Amino acid sequence: MQVHEIFSLGLKNANLVTLSPVRQLYPRFREEMTLVGLSRGFIYAGTPSLLASLWEVDDKSTAILMESFYKNWLTAEQARCPPCGPA
């Protein structure tokens, strides 16, 4: 996916975009596809929050980390808005 494609995603209803692990993508990045460029693309597309990891980790560890992060994040979201319920 290129930055110009991200611009048209329409993420106004997304509370968070997660990019993980970004560092493994670096060899494939062109100059405009830096982390800053990706971040700007997702924010332009409408998401107010972006989470990106820059360290190299194996897939299993990434999956465990992301599962734990989202469980905690959803719990915090539900505490702020109980009528909203699970996403």
Side-chain angles (χ1 to χ4, degrees):
M1 179 171 273
Q2 295 181 1
V3 173
H4 73 274
E5 296 170 308
I6 296 169
F7 285 165
S8 62
L9 288 177
L11 299 173
K12 295 195 185 328
N13 292 323
N15 293 328
L16 174 70
V17 168
T18 305
L19 304 173
S20 176
V22 174
R23 181 159 294 211
Q24 291 176 359
L25 298 174
Y26 281 160
R28 290 184 269 168
F29 280 174
R30 291 191 208 145
E31 192 168 313
E32 75 273 10
M33 290 288 288
T34 64
L35 181 57
V36 172
L38 284 174
S39 300
R40 286 182 181 167
F42 282 106
I43 290 173
Y44 180 87
T47 187
S49 303
L50 183 77
L51 173 68
S53 66
L54 294 176
W55 62 90
E56 292 183 32
V57 292
D58 65 86
D59 290 340
K60 186 173 182 169
S61 296
T62 299
I64 292 167
L65 175 66
M66 291 290 96
E67 183 177 344
S68 178
F69 171 81
Y70 277 112
K71 282 181 182 177
N72 287 307
W73 187 71
L74 288 173
T75 299
E77 284 290 303
Q78 291 169 4
R80 279 192 293 258
C81 182
C84 298

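The shown structure was predicted, so the numbers you read here are calculated from the model rather than taken from an experiment. This chain uses plain numbering: 1 for the first residue, then up along the sequence.
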For A14, what residues pass the side chain to side chain contact (heavy atoms under 4.5 Å, CB included) criterion, not counting sequence neighbours?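 Applying side chain to side chain contact (heavy atoms under 4.5 Å, CB included) to A14 gives L11, T47.
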
Got a sec, which residues hit side chain to side chain contact (heavy atoms under 4.5 Å, CB included) with I43, two or more places apart in sequence or on another chain? none

Taking S8 for its side chain and E5 for its backbone only, find out whether a donor-acceptor pair lies under 3.5 Å. yes

I need the minimum non-hydrogen distance between N15 and P48, along with the two atoms involved. O-CG, 3.6 Å

Test side-chain hydrogen bond (donor to acceptor under 3.5 Å, both in side chains) applied to Y44 - qualifying residues, sequence neighbours left out: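 Not a single residue meets the side-chain hydrogen bond (donor to acceptor under 3.5 Å, both in side chains) criterion with Y44.
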
Taking only residues two or more places apart in sequence, or in another chain, which ones meet S61 in a side-chain hydrogen bond (donor to acceptor under 3.5 Å, both in side chains)? D58

Other residues, nucleotides, ligands: >12 heavy atoms within 6.0 Å of N13 CG: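 No, not enclosed.
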
For a 4.5 angstrom cut-off between non-hydrogen side-chain atoms, does L51 reach V17?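 No; the side chains remain at least 4.5 Å from each other.
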
One pair to check against side chain to side chain contact (heavy atoms under 4.5 Å, CB included): R40 and L50. What are the steps and the verdict? CA-CA 10 Å; R40 286 182 181 167; L50 183 77; over 6 Å; no

Can you tell me how the ring of F69 sits relative to the ring of W73, calling it parallel under 30°, perpendicular over 60° and tilted otherwise? parallel

Which salt bridge (Lys or Arg N to Asp or Glu O under 4.0 Å) pairs, counting each pair once, include a residue from residues 61-70, with sequence neighbours left out? E67-K71

